[in-house]
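A short write-up of the structure that comes next.
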Amino acid sequence: MNDEKIETNARPVDFIREAVEADLQSGRFDRVHTRFPPEPNGYLHIGHVKAITIDYGIAEDFGGLYNLRFDDTNPVKEDVEYVDSIMEDIRWLGYDWEDRLYYASDYFGQLYDWAVELIKQGKAYVCDLSADEVREYRGTLTEPGTDSPYRNRSVAENLDLFERMRAGEFPDGSRTLRAKIDMASPNINLRDPVMYRIIHEAHHRTGDAWCIYPMYDWAHGQSDSIEGISHSLCDLAYEDHRPLYDWYLDQLGIHHPRQIEFARLVLSHTVLSKRFLRRMVEEGLVSGWDDPRMPTLSGLRRRGYTSTAIHAFCDMIGVAKRNSMVDIAMLEYCIRQELNETAPRVMGVLRPLKVVIENYPEDRVEMFDARNNPVDPEAGSREVPFSRVIYIERDDFLEDPPKSFHRLAPGREVRLRYAYFITCTGVVKDESGEVVELRCTYDPETRGGSAPDGRKVKGTLHWVSAAHAVPAEVRLYDRLFTVEDPMGLEEGQDFLHYLNPNSLEVLTDCRVEPSLVSATVGDRFQFERQGYFCVDPDAAEGWLVFNQTVQLRDTWAKIQQRDA
RNA sequence: UGGGGCGUGGCCAAGCGGCAAGGCGGCGGACUUUGAAUCCGUAAUUCGUAGGUUCGAAUCCUACCGCCCCAGCCA
């Protein structure tokens with residue numbers, strides 16, 4: 001009687017995949033072909049990754065193809081620097097567009113011919129209105145627009161004028177080519193939208209072959225059509241543009257892809273807008289597009305994020321039409337989860353506090369076997385040197401601790417990971433009263449970290465042998481903004497108002513275990529009890545520089561906060 | 001007051017008329033030589049609100065409320 005349904009648990013389902021499936025079923029399309037159409041005017045950020053994984057992921061799921069197409073229709077904003085970085089980022093994500101790399105600018109000739117065709121059909125005209133006048137004639141959200149006085153020029157005149165626009169006879173802004181649709185449409189996009197504007201500016205690919213450039217709406221659908229795209233997936237912002245997308249394709253009678261819109265990613269505590277990210281770069285608020293605090297792919301990569309973690313994140317957030325804000329904690333969870341499995345463990349002291357173990361022989365050095373990764377037996381182990389003088393983390397000692405503090409304090413005993421139990425017997429302070437050194441004793445019976453008499457200690461500390469440790473620089477990062485939604489601005493406020501002044505902390509007096517001398521740029525580690533770190537490109541021969549990718553979850557910090 | 005969308009626990013998100021998945025976060029506990037990881041347990045008598053249809057609704061209908069987007073010769 002209890003015939004439970006069998007979970008097929010196949011690919012993730014969402015409304016777009018359902019629609020695509022239905023289109024295949026109904027025969028509207030017999031294959032799936034998508035595209036990712038970035039404008040080369042900035043670096044890709046995590047929000048773009050969501051779009052890419054939808055575009056490309058769906059093509060893969062349905063055994064289809066996907067293209068990379070640069071939407072380079074505005075020479076004043078675009079640059080090759082960006083096309084290079086975009087390709088690098090997409091490849092890093094693991095996608096291969098093979099030979100299907102295109103540029104909207106490849107289609108300028110075809111687009112021009114189609115525009116001529118629309119003019120001949122009486123569906124497009126050259127308009128002499130200035131930008132301001134166009135705006136006035138457009139009407140408002142509640143009032144219809146009024147026809148341009150140039151709306152009814154003859155086909156011959158339009159053809160002549162358009163030809164001369166192209167030939168460069170007119171200055172920027174003096175004329176446009178407009179589609180003749182409906183100035184009274186409740187959808188403002190249909191009130192005779194501009195198809196071409198005059199821009200006397202060299203284009204990064206076509207040079208000065210053109211001085212008229214197509215608008216997004218005129219270029220996009222036709223480009224999709226030329227490439228045989230089946231499903232043109234985009235941001236909710238383009239929902240209002242779909243009628244126009246459809247209109248152009250219908251007038252031309254060419255292959256007609258289906259546009260489907262989804263909600264773009266909004267991530268808490270950061271900003272995902274090329275415009276604002278560029279501003280932070282230009283104003284020097286961050287070190288560049290690849291600053292590890294940036295939500296750009298190059299920033300995340302430098303920070304130590306892996307592409308698999310980013311993919312896991314995209315799977316986790318889903319695809320829907322609801323405007324939502326994803327908690328950045330989800331992203332952090334994804335990278336922790338992966339690094340927990342893969343990152344070798346290592347000991348590194350960020351803020352060193354000297355500890356002298358008084359009953360440990362002056363010249364003795366022992367090697368302790370340390371597991372490289374407790375969750376991965378295959379990872380093996382390494383040796384870590386121990387001696388009389390060591391460094392521990394300043395935060396691991398409190399002179400007058402609360403009972404909930406499981407670490408070192410006068411008279412308390414803790415375990416040094418993989419080494420011995422030590423007990424704090426004395427505190428050395430400087431003139432200002434600051435603790436500069438601890439005196440301790442160790443119990444030789446606890447070698448390896450456990451006591452033969454079975455006594456327990458609550459705390460286990462990481463440490464490093466003073467004589468053997470290697471100095472390093474560590475860069476700690478925090479959220480770029482102090483509030484969840486930096487864009488949720490108060491009246492007259494700038495989003496930079498919410499910039500977190502403490503998003504970067506550079507520690508130059510760190511000490512890490514000697515096994516790290518051979519670490520190279522990009523290597524990732526877990527500094528036990530602290531977090532995940534990777535070697536930054538700034539590292540040089542003899543000087544290690546680590547970026548904190550993400551902290552370990554910190555229950556103690558939570559307890560402190562709660563009790564504070 | 002035009003048009004287009006969207007409203008399910010703190011945050012994402014399934015659900016497609018038959019009796020509210022899952023994940024993140026939180027909380028409680030177990031375990032622990034990382035206060036990590038792991039492991040259990042835990043929260044919507046309720047799906048924006050109000051009506052209606054139905055034996056039965058988050059799912060259908062109506063009205064209302066709220067939020068987002070659109071008046072670039074940006075994309």
Side-chain angles (χ1 to χ4, degrees), chain A residues 7 12-14 18 37-39 41 71 73-74 76-77 127 129-132 134-136 138-145 172-178 185-191 193-199 212-213 215-217 219-220 234-243 261 263 268 274-275 315-334 336-337 340-341 345 347 370-371 374-375 404-407 415-419 421 446 448-450 456-462 484 526-531 551-559:
Chain A
E7 281 295 326
V13 291
D14 54 68
E18 284 177 355
E39 181 186 19
N41 68 341
D71 214 337
T73 57
N74 188 348
V76 323
K77 295 189 161 188
C127 181
L129 254 25
S130 70
D132 285 342
V134 167
R135 188 179 317 117
E136 283 164 25
R138 186 156 31 224
T140 69
L141 295 178
T142 52
E143 300 157 331
D172 289 6
S174 60
R175 284 178 226 263
T176 56
L177 181 73
R178 297 227 255 161
S185 172
N187 180 342
I188 292 182
N189 294 301
L190 263 21
R191 320 242 262 227
V194 170
M195 296 167 65
Y196 277 98
R197 59 324 193 168
I198 301 171
I199 303 176
I212 57 172
Y213 291 93
M215 295 288 289
Y216 165 85
D217 289 299
H220 203 84
C234 62
D235 196 300
L236 248 30
Y238 296 100
E239 224 155 7
D240 285 345
H241 293 247
R242 191 175 18 166
E261 312 83 10
S268 74
K274 279 192 275 191
R275 189 172 142 233
D315 287 344
M316 185 179 274
I317 61 176
V319 182
K321 297 193 73 162
R322 190 181 330 178
N323 287 114
S324 57
M325 176 181 292
V326 175
D327 192 330
I328 200 165
M330 284 203 209
L331 217 209
E332 297 173 340
Y333 170 83
C334 289
R336 278 195 198 104
Q337 184 181 241
N340 178 47
E341 309 281 327
R345 262 113 253 229
M347 291 195 284
R371 272 169 296 161
V375 308
S404 58
F405 188 74
H406 297 168
R407 284 110 99 139
R415 169 169 39 236
L416 292 178
R417 178 140 237 227
Y418 299 123
F421 284 10
T446 58
S450 54
K456 304 284 184 196
V457 289
K458 277 196 251 162
T460 299
L461 272 42
H462 61 278
E484 268 196 342
Q526 182 197 95
F527 285 11
E528 292 211 33
R529 303 208 304 132
Q530 303 193 108
Q551 284 184 303
L552 247 29
R553 283 183 65 208
D554 190 350
T555 316
W556 170 237
K558 236 176 269 168
I559 293 169

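Fair warning: this is a prediction, and the values are worked out from it, not measured in the lab. The figures that follow rest on heavy atoms only: side chains count, while hydrogens, waters and symmetry mates do not. Lettering of chains follows the sequences in order, A, B, ..., and the numbering in each one begins at 1.
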Do the side-chain N or O atoms of [X] get closer than 4.0 angstrom to the phosphate oxygens (OP1, OP2) of [N]?
X	N	result
A/Arg175	B/rC73	no
A/Arg345	B/rA37	no
A/Arg529	B/rG35	yes
A/Arg138	B/rC73	yes
A/Thr73	B/rA75	yes

Can you tell me how far [atom1] in [N] sits from the matching atom in [M], rounded to whole Å?
N	M	atom1	answer
B/rG17	B/rG29	C1'	41 Å
B/rC60	B/rC47	C1'	16 Å
B/rG56	B/rA36	C1'	49 Å
B/rC11	B/rG18	C1'	30 Å
B/rC40	B/rU32	C1'	15 Å
B/rG3	B/rU42	P	49 Å
B/rG66	B/rG25	C1'	26 Å
B/rG23	B/rG5	P	33 Å

Item checked: A/Lys274/A/Glu39 ion pair, N-O < 4.0 Å -> no

Checklist line | Contact nearer the 5' end of RNA chain B, comparing A/Asp240 with A/His220 | finding: A/Asp240

Check: A/Cys127 or A/Arg322: which one's nearest nucleotide on RNA chain B is closer to the 5' end?
Finding: A/Arg322

Check: For A/Leu461 and A/Arg529, what are the C-alpha separation, side-chain angles and deciding distance, and is it a side chain to side chain contact (heavy atoms under 4.5 Å, CB included)?
Finding: CA-CA 8 Å; A/Leu461 272 42; A/Arg529 303 208 304 132; 3.9 Å; yes

Nearest-Å distance, [atom1] ([X]) to [atom2] ([N])?
X	N	atom1	atom2	answer
A/Asn74	B/rG72	CG	C1'	10 Å
A/Tyr196	B/rC74	OH	C1'	17 Å
A/Glu261	B/rG3	CD	C1'	14 Å
A/Asp14	B/rA13	CG	C1'	11 Å
A/Met215	B/rC73	CE	P	5 Å
A/Arg191	B/rC73	CZ	P	13 Å
A/Lys321	B/rG15	NZ	P	15 Å
A/Glu143	B/rG2	CD	C1'	10 Å

Polar pair under 3.5 Å, donor/acceptor by atom type, side chain [X], base [N]:
X	N	answer
A/His241	B/rA75	yes
A/Gln526	B/rU34	yes
A/Glu18	B/rC16	yes

Using a heavy-atom cut-off of 4.0 Å across all strands, would you classify [X] as base, sugar-phosphate, or nothing?
X	value
A/Leu129	base
A/Tyr238	base
A/Ala131	base
A/Phe421	nothing
A/Ser324	sugar-phosphate
A/Pro37	nothing
A/Ser268	nothing
A/Leu416	nothing
A/Leu141	base

If we call it a pair only when both distances are under 3.5 Å in a Watson-Crick or G-U wobble match, what pairs with [N]?
N	result
B/rC64	B/rG48
B/rC11	B/rG23
B/rC74	none
B/rC39	B/rG29

Can you tell me which nucleotide in [options] comes closest to the side chain of [X]?
X	options	result
A/Leu552	B/rG35, B/rU34, B/rA71	B/rU34
A/Ala320	B/rC70, B/rA75, B/rA14	B/rA14
A/Val134	B/rG35, B/rC73, B/rC12	B/rC73

Check whether any side-chain heavy atom of [X] sits under 4.5 Å from a side-chain heavy atom of [Y], and report yes or no.
X	Y	answer
A/Arg371	A/Tyr418	yes
A/Ile188	A/Arg138	yes
A/Ile198	A/Ser174	yes

Short heteroatom pairs, N/O only, protein and nucleotides 22-25 of chain B, under 3.5 Å:
unit_1, atom_1, unit_2, atom_2, d
B/rC24, OP1, A/Tyr333, OH, 2.8

Next item on the list: Taking A/Ser185 for its side chain and A/Leu190 for its backbone only, find out whether a donor-acceptor pair lies under 3.5 Å.
Entry: no

Check: When you measure from the side chain of A/Asn187 to the backbone N and O of A/Asp240, does any donor-acceptor pair fall under 3.5 Å?
Finding: yes

Margin query: Stacking between A/Trp556 and B/rG35, defined as ring centres under 5.5 angstrom apart with planes under 30°, is that present or not?
Written below: yes

Next item on the list: With A/Met215 as reference, evaluate A/Thr176, A/Val194, A/Asn74 under the side-chain contact (heavy atoms from CB on, under 4.5 Å) test and give the passing residue.
Entry: A/Val194

Margin query: Going by the glycosidic torsion and a 90 degree boundary from 0, is the base of B/rG72 oriented syn or anti?
Written below: syn

Check: For A/Arg417 and A/Thr460, does a side-chain donor sit closer than 3.5 Å to a side-chain acceptor?
Finding: no

Note to self: Checking A/His241 against A/His220 for the side chain to side chain contact (heavy atoms under 4.5 Å, CB included) test, could you report, in this order, the C-alpha distance in whole Å, the side-chain angles of both residues, the deciding distance, and whether it holds?
What the structure shows: CA-CA 11 Å; A/His241 293 247; A/His220 203 84; over 6 Å; no

Next item on the list: Would you name the heavy atoms of A/Arg191 and A/Glu143 that are closest together and state the gap between them?
Entry: NH2-O, 2.8 Å

Next item on the list: Go through the steps to decide whether A/Asn340 and A/Gln337 satisfy the test side chain to side chain contact (heavy atoms under 4.5 Å, CB included), and finish with yes or no.
Entry: CA-CA 5 Å; A/Asn340 178 47; A/Gln337 184 181 241; 5.9 Å; no

